[in-house]
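Keep in mind that what you see is a predicted model, and the values were worked out from it rather than measured.
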Amino acid sequence: MDTNGFIFLAGVLLLVSILASSLTVRAGLPLLLVFLGVGMLAGEEGIGQLDFDNSGLAFFVGNLSLAVILLDGGMRTKTSTFRVALWPSLSLATLGVVLTTAAVGAFAAWLLDVKLIYGLLLGAIVGSTDAAAVFSLLRNSGVRLNERVGGTLEIESGANDPMAILLVVMLTGLLQTADHLSVWAFLAQMFQQFALGSIIGLLGGKLLLLILRRVPLVEGLYAILIISFGLAVFSGVNMVGGSGFLAVYLAGLTVGNGHLKQLESISKVMDGLAWLAQAGMFLLLGLLVTPSSLLTHGLEALAIAAFLIFVARPLAVMVCLLPFDFRWSENFYISWVGLRGAVPIVLALYPVIAGLTNANLLFEITFTVVLISLLLQGSTVPLVARWLKVVVPPAPAPTTRFSLIDDVNSHYSLELYEFFVQADSLHIPASVVQNVPSATVSTPQLVALVRDKKPMVVNAETELKAGDRIWMLLHPDDVNEVALRFSQQTSESFLLQNFFGEFSIRGDASLLDLAKVYGVPLEGISAEDTAAELLQRQLGKSLVVGDRARFGNLRLTIRQMNGNQIEVIGLKLHDKAQ
């Protein structure tokens, strides 16, 4: 095929995949399945009749794409989630991968009647969750998970690749050399992977942040700079024996939480590049597989997938999260969203490239397991989340933001926000309308009111209408309150009231006063007890927005937190139907 033919074909495949993705969203299926499916249809047994069997190229593109996806995923992960999700996710990313590998390995060795080491290699290949699948599905599922569950899933998927890769590389090497596995050598290699990946990734992220703040560039080049720097970090860490995947994720995490003025525009470009990386990777992996070969061991692959989804992953999650304050429903959901995607397929190319016996068997079973995981688990992500009640209603938010003061000290941060008014007959506070200059940047100031694409003159009597757009200068801490004001009387606000309650109290509100007002028995309540202390006693210390507790005939729901401090609690009369 000549150059023009190749470019034409690549463009057509991407175009078909993107157009087909809209139908997939309506059907509730993962978008990644579209790219895999189009690749398989274009392959040697599909309508495209393309004979592609270059494992080396697929491996190269897969690693390159995963680096871009992890970089983007890191930029979108907020460090605030580390408060409740860091140690649980690290437990899943290390011990969880090992436990899953051992369980699936033993089962696969028995089922396929192969040596245990081949079973363990298969277990290691499918042992880690996939960052591309998790990031994509969680952000396009239409549900907002509570911080403890969502943060754990995202950090785990970004941090578990080093352990899986280390296991696959070491087991592949053992099969090539027939040496004995040294536990100390394995532990030393694991420490090296995590240490180098963590240190260089964090330092690289700091350096990149400094460059972005100091070097003026055309707006469109910032994302390209981040991508090129991230790929350099990824490959450089791999060359010195560390985990490039962990390093590039941490570099993205550092940049994404670095208070950059250009972050909003950068995120939009990065989102497109990450989607392009996912599309290209899954298309190529779809081309690589021969669909008819998947049927040869289809029943065995189905059994291994079922064992992984319903036995191995839940057991690993239960053991790893036992020391932490997770509810059973949260444990179940985390185990259910242990999605397999591109990472296992790329890892399955290691034994193929190494020329191992049974390498094709491992690849075909891995591909089938990934398809089953995306179909079964990926298509039910929002449904299961609502069923297990691990969702939190999405809070009203601005439609656009621009950072005006680029300062690490958030006290002096000032940003321009656009809000979309969703209800009629709302008033702008007089203090905002007067727009009195203030010495503190925390004073909200009105910039513009746009109605029907025309600027409006505003005074204290101005009534807002649905569809108006308000531009305001705000401190980031005031955004949620202002956004809530502009969404009052809508279905969104009613949803929030139903979830949190019609009334709100401060976290340090007296429990004794609350009991007297609502007729709760006073036994065991002292004058010093607060509502926040009650929630902490009943639910543990790692609390997040959406956590609930009963107090007599009241339901208390955490509505707002500042770090570990409960600031606002929603109040609702007890409803046994809920």
Side-chain angles (χ1 to χ4, degrees), residues 24-25 27-33 73 81 84-85 88-93 95-101 103-104 107 123 125-161 164 301-322 324-344 366 368-392 544 546-547:
T24 309
V25 171
L29 296 174
L31 295 177
L32 303 180
L33 274 176
T81 61
V84 292
S89 39
L90 287 182
S91 175
L92 288 169
L95 178 61
V97 174
V98 173
L99 292 176
T100 305
T101 297
V104 174
F107 179 78
I125 289 170
V126 300
S128 67
T129 58
D130 180 65
V134 171
F135 291 150
S136 171
L137 287 171
L138 290 185
R139 288 170 183 148
N140 293 281
S141 63
V143 296
R144 178 191 175 199
L145 302 177
N146 75 49
E147 189 179 23
R148 181 168 45 244
V149 174
T152 298
L153 286 168
E154 290 197 355
I155 298 172
E156 178 207 2
S157 65
N160 64 9
D161 292 333
L302 179 62
I304 291 171
F307 183 84
L308 170 65
I309 294 170
F310 295 107
V311 180
R313 170 72 177 177
L315 285 176
V317 169
M318 183 179 66
V319 171
C320 292
L321 298 185
L322 197 59
F324 307 102
D325 296 323
F326 281 75
R327 326 295 177 238
W328 74 266
S329 57
E330 294 172 337
N331 283 340
F332 184 87
Y333 190 74
I334 289 171
S335 70
W336 186 251
V337 189
L339 296 164
R340 271 60 192 174
V343 170
T366 299
T368 306
V369 168
V370 168
L371 285 178
I372 294 171
S373 176
L374 289 176
L375 276 170
L376 178 61
Q377 296 171 286
S379 61
T380 56
V381 164
L383 180 66
V384 176
R386 295 187 183 97
W387 174 55
L388 293 173
K389 298 182 179 179
V390 295
V391 298
V392 177
V544 296
D547 281 346

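- Within the 4.5 Å cutoff, the side chain of V143 has heavy atoms near those of the R386 side chain.
- With rounding to the nearest 0.5 angstrom, the OG atom of S329 is 6.0 Å from the CG atom of L388.
- Take F324 and apply the ring-ring contact (aromatic ring centres under 6.0 Å, His included) test, not counting sequence neighbours, and it matches no residue.
- Across all non-hydrogen atoms, the minimal contact from A316 to T100 is CB-OG1, 3.6 Å.
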Give the C-alpha distance, both sets of side-chain angles, the deciding distance and a yes or no for side-chain contact (heavy atoms from CB on, under 4.5 Å) between L92 and I334. CA-CA 10 Å; L92 288 169; I334 289 171; 3.9 Å; yes

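- Of all heavy-atom pairs spanning G341 and V370, the tightest one is O-CG2, 3.4 Å.
- Here the OG1 atom belonging to T380 is positioned 10.5 Å from the CH2 atom belonging to W387, to the nearest 0.5 angstrom.
- Between L321 and P88, the closest heavy-atom pair is CD2-CB, 3.6 Å.
- If you take CG on L90 and CG on N160, they are separated by 10.5 Å, rounding to the nearest 0.5 Å.
- Contact detail for P344 and I125: the closest heavy-atom pair is O-CG2, 3.2 Å.
- Of all heavy-atom pairs spanning I309 and S373, the tightest one is CD1-CA, 4.4 Å.
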Which is it for D161 and V343 under the side-chain contact (heavy atoms from CB on, under 4.5 Å) test, yes or no, and what are the steps along the way? CA-CA 8 Å; D161 292 333; V343 170; 3.6 Å; yes

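- Judged by distance alone, with hydrogens and angles left aside, the side-chain atoms of R313 form no donor-acceptor pair with the main-chain N or O of L339 at under 3.5 Å.
- The minimum heavy-atom distance between E156 and S89, with the atom names listed, is N-CB, 3.6 Å.
- Two residues are said to be in side-chain contact when any heavy atoms from C-beta on lie closer than 4.5 Å; T152 and F326 meet this criterion.
- Formation of a donor-acceptor pair under 3.5 Å by the R340 side chain with backbone atoms of L371 is not found in this model.
- Taking 4.5 Å as the limit, some side-chain heavy atom of V104 sits within range of a side-chain heavy atom of L308.
- L315 has its side chain out of reach of L99: every pair of non-hydrogen atoms, C-beta onward, lies at least 4.5 Å apart.
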Decide side-chain contact (heavy atoms from CB on, under 4.5 Å) for E154 and T81; before the verdict, give the C-alpha distance in whole Å, the side-chain angles of both, and the deciding distance to 0.1 Å. CA-CA 10 Å; E154 290 197 355; T81 61; over 6 Å; no

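- In this structure a side-chain-to-backbone donor-acceptor pair under 3.5 Å is present from Q377 to W336.
- The stretch residues 326-335 participates, sequence neighbours left out, in these salt bridge (charged side-chain N to carboxylate O under 4.0 Å, His left out) pairs: R148-E330, R327-D547.
- Side chain of S91 to backbone of C320: a donor-acceptor contact under 3.5 angstrom is found.
- A donor-acceptor distance shorter than 3.5 angstrom exists from the side chain of Y333 to the backbone of V381, with no hydrogens or angles considered.
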